[in-house]
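Dumping the structure here so I can ask a few things about it.
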Amino acid sequence: MTTESATPDTGLSFRAVPGPGFAAGCSVITWVDEGPFEHRIAYILIGHVPPRRTGETAESVEAGLMGMVDGMGLRPAADRVPIIGARVILRGPLAALDYGHPEVLLRLPSTGTEWRAHVDRGDPVCVTIGLDPIPPGAGPDAIRTYLDRITVTGRAYMGGTTVRAR
């Protein structure tokens, strides 16, 4: 199975957006924190557990994450963060992210009342995909260290989003 292809007219390549089997293996963390310029920002951090399914490799996991990067139009975290459109969906107690798949959304874990209120007001959300595995059970300090490391090494991709209107 090929996960990368080229468009005939432009020669540009893109990676396939992974389906629900891959998305189910993603690690997702949400929180609200101070962003630049003293504004609060809601965050969604997406990574993946180490390879666990038959045929899954570190390379295939990274290709799946890069498919999500391409599907949402994220850019390297060291670059200017692009606006990627309204991709967060709130319905009753559920929250999900449109990660670019034509039929599947990524369900977010329980987000907490502060995160949900922030997003429901239409305030900014920063989506980050980390290509390195997220340490299991990582607390806020470990996540900060993880984000610093993957940003410096070019293994983090970000985009700004908001809640999708109903």
Side-chain angles (χ1 to χ4, degrees), residues 1-7 9-19 22-51 56-89 95-102 104-106 108-109 111 115 118-119 123-136 138-164:
M1 179 174 92
T2 303
T3 59
E4 190 168 329
S5 60
T7 56
D9 296 342
T10 64
L12 297 175
S13 64
F14 60 92
R15 290 163 281 249
V17 177
F22 180 85
C26 288
S27 300
V28 182
I29 302 167
T30 61
W31 73 97
V32 177
D33 203 353
E34 292 299 321
F37 314 114
E38 299 180 16
H39 292 288
R40 295 191 62 76
I41 297 176
Y43 291 88
I44 301 171
L45 173 61
I46 302 168
H48 204 279
V49 297
E56 200 170 55
T57 65
E59 292 78 19
S60 67
V61 167
E62 186 165 320
L65 290 169
M66 289 304 295
M68 294 173 90
V69 165
D70 290 351
M72 290 188 281
L74 304 181
R75 295 288 172 249
D79 293 356
R80 185 172 187 191
V81 176
I83 303 301
I84 59 171
R87 293 187 169 271
V88 177
I89 295 101
L97 177 69
D98 173 355
Y99 68 94
H101 191 279
V104 179
L105 299 173
L106 177 65
L108 302 178
T111 57
W115 190 93
H118 177 94
V119 174
D123 290 339
V125 179
C126 179
V127 176
T128 304
I129 290 186
L131 300 182
D132 296 342
I134 297 173
D141 291 338
I143 294 298
R144 238 178 242 106
T145 300
Y146 171 82
L147 287 170
D148 289 344
R149 180 175 48 78
I150 63 174
T151 298
V152 168
T153 59
R155 298 196 41 88
Y157 293 81
M158 292 182 167
T161 188
T162 59
V163 69
R164 184 174 289 168

Legend entry - Heavy-atom side-chain proximity of H48 to M68 below 4.5 angstrom: no

Legend entry - R164 side chain vs A86 backbone, donor-acceptor pair below 3.5 Å: yes

Legend entry - Flag side-chain contact, heavy atom, 4.5 Å: I150 against L131: no

Inset, instruction - Applying side-chain contact (heavy atoms from CB on, under 4.5 Å), name anything that partners V104, two or more places apart in sequence or on another chain. - result: P20, Y99, H101

Inset, instruction - Measure across G73 and P82 and return the closest heavy-atom pair with its distance rounded to 0.1 Å. - result: O-CG, 3.6 Å

Inset, instruction - Working to the nearest 0.5 Å, report the span between OH of Y43 and CG of L147. - result: 9.0 Å

Inset, instruction - Identify the heavy atoms of W115 and A95 that sit nearest to each other, and give their distance. - result: CZ3-CB, 4.3 Å

Legend entry - Nearest-0.5 Å distance, OG1 of residue T111 to CD1 of residue I29: 14.0 Å

Legend entry - Heavy-atom donor-acceptor pair, S60 side chain to T57 backbone, under 3.5 Å: yes

Legend entry - Nearest-0.5 Å distance, CG of residue L74 to CE of residue M66: 9.0 Å

Legend entry - Check: V127 and R87 side chains under 4.5 Å, non-hydrogen atoms: no

Inset, instruction - State, with a plain yes or no, whether a side-chain heavy atom of I44 is found less than 4.5 Å away from one of V88. - result: yes

Inset, instruction - Output the distance between atom CG (L97) and atom CG (L106), rounded to the nearest 0.5 Å. - result: 6.0 Å

Legend entry - D132 and R149, any side-chain heavy atoms less than 4.5 Å apart: yes

Legend entry - salt bridge (Lys or Arg N to Asp or Glu O under 4.0 Å) involving R144 - partner list, sequence neighbours excluded: D33, D141

Legend entry - R75 CZ: over 12 foreign heavy atoms closer than 6.0 Å: no

Inset, instruction - Evaluate the side-chain proximity of I134 to I143: yes if any heavy-atom separation is below 4.5 Å, no if none is. - result: yes

Legend entry - Approximate separation, where rounding is to 0.5 Å, of S27 OG and L45 CG: 8.5 Å

Inset, instruction - Sequence neighbours left out, what passes side-chain contact (heavy atoms from CB on, under 4.5 Å) with A24? Give chain and number order. - result: none

Inset, instruction - Could you pull out the closest heavy-atom pair between T128 and A156, with the gap in Å? - result: CG2-CB, 4.4 Å

Legend entry - Candidate list I83, I84, V119, D98, test side chain to side chain contact (heavy atoms under 4.5 Å, CB included), partner T161, passing option: I84

Legend entry - Gap separating the CG atom of D70 from the CG atom of L65, nearest 0.5 angstrom: 11.5 Å

Legend entry - Considering all heavy atoms, the nearest A58-P51 contact: N-CG, 3.4 Å

